[in-house]
Amino acid sequence: MNCLECNKELSYIDHKNSFDIYGVELCKQHKGRMDKLVNTKKTPTEAIKLYYGLKEIGISSMLEWWDGKKSVDLAISRVKLNIEIDTEYNTITHEQAIMDLEEAMHSFKNGFTTIRIPDVVIKYYLKETVNNIEGIVEGLKVNIKTL
């Protein structure tokens with residue numbers, strides 16, 4: 001078992017501590033970085049799982065990327081894709097819905113596509129979610145090349 005960031009060999013305790021929380025293998029240092037993101041930015045643990053799922057297939061993304069107006073859970077800047085993890089999708093109000101629409105408009109005006117993914121989809125269907133995002137990235141690459 002090695003850290004997914006630095007490839008450092010993990011002790012059983014380090015493996016257990018990171019895997020129990022994030023579902024990925026991280027050394028103490030990199031787990032600490034993720035803990036800090038969760039505590040300061042309220043990053044959903046599903047965003048971290050998705051980040052490492054995408055990294056595993058060769059898609060480079062950024063956690064908590066600043067889009068000029070707010071922090072985005074995950075961004076794939078090469079294809080201008082912002083990904084928001086929706087943790088309260090079952091309790092959406094009309095005020096939240098219009099705010100989401102305005103945020104999507106802001107991103108779109110700046111050339112970015114924003115998608116919202118319910119956290120339960122990542123929790124139970126991580127591999128399928130990663131495969132679908134890979135398809136979205138491929139489609140966006142084609143569209144960027146034609147511009």
Side-chain angles (χ1 to χ4, degrees), residues 2-8 10 14 17-147:
N2 293 341
C3 175
L4 294 175
E5 283 294 335
C6 64
N7 208 29
K8 177 182 172 186
L10 300 177
D14 287 341
N17 286 341
S18 77
F19 206 83
D20 286 352
I21 296 171
Y22 302 117
V24 295
E25 296 169 332
L26 298 172
C27 67
K28 189 175 187 176
Q29 177 186 0
H30 288 106
K31 180 191 173 290
R33 288 183 181 178
M34 294 303 133
D35 292 343
K36 186 176 180 181
L37 271 180
V38 169
N39 292 330
T40 60
K41 301 282 189 176
K42 306 296 183 228
T43 304
T45 57
E46 291 79 11
I48 295 168
K49 290 176 185 176
L50 184 56
Y51 169 82
Y52 284 107
L54 292 169
K55 185 175 182 168
E56 188 177 322
I57 64 165
I59 295 178
S60 182
S61 61
M62 297 171 286
L63 285 164
E64 293 302 334
W65 184 74
W66 183 254
D67 75 350
K69 184 176 180 184
K70 68 177 191 69
S71 190
V72 176
D73 291 330
L74 212 66
I76 304 171
S77 62
R78 179 165 283 182
V79 294
K80 296 187 171 189
L81 176 63
N82 293 338
I83 301 170
E84 289 286 353
I85 309 304
D86 214 343
T87 58
E88 298 177 13
Y89 59 91
N90 57 350
T91 58
I92 194 165
T93 64
H94 63 282
E95 290 94 355
Q96 184 61 48
I98 198 67
M99 282 178 32
D100 290 350
L101 185 58
E102 287 173 2
E103 288 173 6
M105 176 200 60
H106 173 74
S107 294
F108 198 73
K109 281 184 174 182
N110 288 318
F112 283 81
T113 301
T114 299
I115 59 173
R116 300 186 78 77
I117 303 173
D119 59 348
V120 296
V121 172
I122 297 167
K123 185 175 182 177
Y124 297 110
Y125 302 100
L126 178 61
K127 188 172 185 161
E128 294 88 342
T129 304
V130 168
N131 290 338
N132 283 309
I133 292 173
E134 182 179 32
I136 291 168
V137 167
E138 289 169 4
L140 289 171
K141 280 181 182 176
V142 168
N143 289 333
I144 288 172
K145 287 178 184 175
T146 61
L147 294 177

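All residue numbers in this chain count up from 1 along the given sequence. No experiment lies behind these values; they were computed from the predicted model shown.
- Of all heavy-atom pairs spanning L37 and T43, the tightest one is O-OG1, 3.4 Å.
- Between E84 and K70, at least one side-chain nitrogen of the basic residue sits less than 4.0 Å from a carboxylate oxygen of the acidic one, meeting the salt-bridge criterion.
- Between the OG1 atom of T114 and the CZ atom of F108 there is a distance of 10.0 Å, given to the nearest 0.5 Å.
- Just one of K55, K31, R33, H30 meets the side-chain hydrogen bond (donor to acceptor under 3.5 Å, both in side chains) condition when paired with E5; it is K55.
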- Item | side chain to side chain contact (heavy atoms under 4.5 Å, CB included) between N131 and E134, intermediate numbers included | CA-CA 5 Å; N131 290 338; E134 182 179 32; 4.1 Å; yes
- Task: Please report the C-alpha distance between M34 and I21 in whole Å, then the side-chain angles of each, then the deciding distance to 0.1 Å, and finally whether the side chain to side chain contact (heavy atoms under 4.5 Å, CB included) criterion is met.
- Result: CA-CA 10 Å; M34 294 303 133; I21 296 171; over 6 Å; no
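- V137 and V79 make their closest contact through O-CG1, 3.9 Å (heavy atoms, listed as atom of the first residue, atom of the second, distance).
- Distance check: R78 CZ to M62 CE gives 10.5 Å after rounding to the nearest 0.5 Å.
- Note that the CD atom of E95 and the CE atom of M99 stand 9.0 Å from one another [nearest 0.5 Å].
- In this structure a side-chain-to-backbone donor-acceptor pair under 3.5 Å is missing from S77 to K80.
- Side-chain atoms of D100 and Q96 form a donor-acceptor pair, as typed in the model, at a separation below 3.5 Å.
- The minimum heavy-atom distance linking R116 with D86 is given by the pair NE-OD2, 3.6 Å.
- What you find for C27 and C3 is that their closest heavy atoms are N-SG, 3.3 Å.
- A distance of 5.0 Å separates CG in L81 from CD1 in I76, rounded to the nearest 0.5 Å.
- The backbone N or O of D35 lies less than 3.5 Å from a partner atom in the side chain of Y22, making a donor-acceptor pair.
- By the ring pair (Phe, Tyr, Trp, His ring centres under 6.0 Å) test, Y125 pairs with no residue at all, sequence neighbours left out.
- Between the NE2 atom in H106 and the CG atom in L101 there is a gap of 13.5 Å [rounded to 0.5 Å].
- Taking both residues in full, the closest heavy atoms of S18 and L26 are given as OG-N, 2.9 Å, listed atom of the first, atom of the second, then distance.
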- Message: Between I48 and V38, is the side chain to side chain contact (heavy atoms under 4.5 Å, CB included) condition met? List the steps.
- Response: CA-CA 9 Å; I48 295 168; V38 169; 3.8 Å; yes
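- Of the possible donor and acceptor atoms, one in the side chain of D73 sits under 3.5 Å from a partner among the backbone N and O of I85.
- The two residues A75 and N82 make their nearest non-hydrogen contact at CB-OD1, 3.7 Å.
- With I117 as the partner, the side chain to side chain contact (heavy atoms under 4.5 Å, CB included) test is satisfied by one option alone out of T129, L74, N132: T129.
- A salt bridge is absent between D14 and K28; no separation between the charged side-chain nitrogens and carboxylate oxygens falls under 4.0 Å.
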- Using the side chain to side chain contact (heavy atoms under 4.5 Å, CB included) rule, take T45 and D119 through it: C-alpha gap first, then chi angles, then the decisive distance, then the call. CA-CA 9 Å; T45 57; D119 59 348; over 6 Å; no
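- Rounded to the nearest 0.5 Å, atoms CD (E138) and CD1 (I133) are 12.5 Å apart.
- Surrounding CD of E128 are more than 12 heavy atoms belonging to other residues, nucleotides or ligands, all under 6.0 Å away.
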